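These notes are about the structure you will find just below.
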Amino acid sequence: MTVLVAYLPSLEGREALTTGIAEALLRKTDLLIVNVGRGHHDLEPAQVQQLESQLTAAGLTLTLESSVLSDPGDAVIQIAQDRNVDMIVVGLRHRSMVGKLILGSTVQRILLDATCPVLAVRPDRL
């Protein structure tokens with residue numbers, strides 16, 4: 001059993017990670033982090049170290065994966081199917097209707113095409 005977190009070093013990505021950690025601990029399962037950055041798929045060493053520290057503090061081991069696919073939605077779906085994950089956790093950000101029309105939505109693609117449950121979370125904004 002595995003919980004997959006679609007991660008970006010952003011407010012939404014950090015919320016997805018926090019929720020993914022909680023879900024993995026609740027389900028007593030592994031956590032897989034998939035880096036979904038567009039164009040630059042590698043996290044900086046300091047970012048990886050920060051992830052590792054956060055997971056170690058929660059009692060989990062860092063498992064980090066990325067994909068050569070250029071579309072982050074395709075990457076998450078493919079990795080989820082290849083690893084037979086039980087749940088995908090993604091972070092949502094607010095976008096205007098025009099923004100959704102022009103840019104599409106990675107999260108929408110994951111929600112529609114994933115073969116496992118998807119938990120979409122949104123960070124609290126003050």
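A quick note: this is a predicted structure, and the numbers were derived from the prediction, not measured.
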Quiz item: Taking a hydrophobic cluster as the set of Ile, Leu, Val, Met, Phe, Trp and Tyr residues connected by side-chain heavy atoms closer than 4.5 Å, whether directly or through intermediates, do Leu112 and Val118 fall within one such cluster?
Solution: no

With rounding to the nearest 0.5 Å, note down the distance linking [atom1] in [X] to [atom2] in [Y].
| X | Y | atom1 | atom2 | value |
| --- | --- | --- | --- | --- |
| Leu11 | Arg122 | CG | CZ | 11.0 Å |
| Arg14 | Gln54 | CZ | CD | 9.5 Å |
| Leu4 | Asp86 | CG | CG | 10.5 Å |
| Thr56 | Glu52 | OG1 | CD | 5.5 Å |
| Cys116 | Ile88 | SG | CD1 | 4.0 Å |
| Gln47 | Asn35 | CD | CG | 8.0 Å |

Practice problem: Begin with the C-alpha distance, continue with both residues' side-chain angles, and end with the deciding distance and a verdict on side-chain contact (heavy atoms from CB on, under 4.5 Å) for Thr106 and Val36. | Solution: CA-CA 10 Å; Thr106 299; Val36 293; 5.9 Å; no

Flag side-chain contact, heavy atom, 4.5 Å: [X] against [Y]:
| X | Y | answer |
| --- | --- | --- |
| Leu8 | Glu12 | no |
| Leu55 | Ile21 | yes |
| Val3 | Val89 | yes |

Self-check item: Smallest separation among heavy atoms of Ala16 and Gly91, with atom names
Solution: CB-N, 3.6 Å

Side-chain donor-acceptor contacts of residues 25-34 below 3.5 Å, not counting sequence neighbours, with atom names and distances?
{"from": "Arg27", "atom 1": "NE", "to": "Glu23", "atom 2": "OE1", "distance (Å)": "3.0"}
{"from": "Arg27", "atom 1": "NH2", "to": "Glu23", "atom 2": "OE1", "distance (Å)": "3.3"}
{"from": "Thr29", "atom 1": "OG1", "to": "Met1", "atom 2": "O", "distance (Å)": "2.2"}
{"from": "Thr29", "atom 1": "OG1", "to": "Thr2", "atom 2": "N", "distance (Å)": "3.2"}

Exercise. With sequence neighbours excluded, tell me which residues meet side-chain contact (heavy atoms from CB on, under 4.5 Å) with Gln78.
Key: Ser67, Leu69, Asp82

Quiz item: Does Gln81 have any side-chain contact (heavy atoms from CB on, under 4.5 Å) partners at least two apart in sequence or in another chain, and if so, which?
Solution: Ile77, Thr115

Sequence neighbours excluded and cut-off under 3.5 Å, please list the side-chain donor-acceptor pairs for residues 57-65, or say none.
{"from": "Glu65", "atom 1": "OE1", "to": "Arg83", "atom 2": "NH1", "distance (Å)": "2.3"}

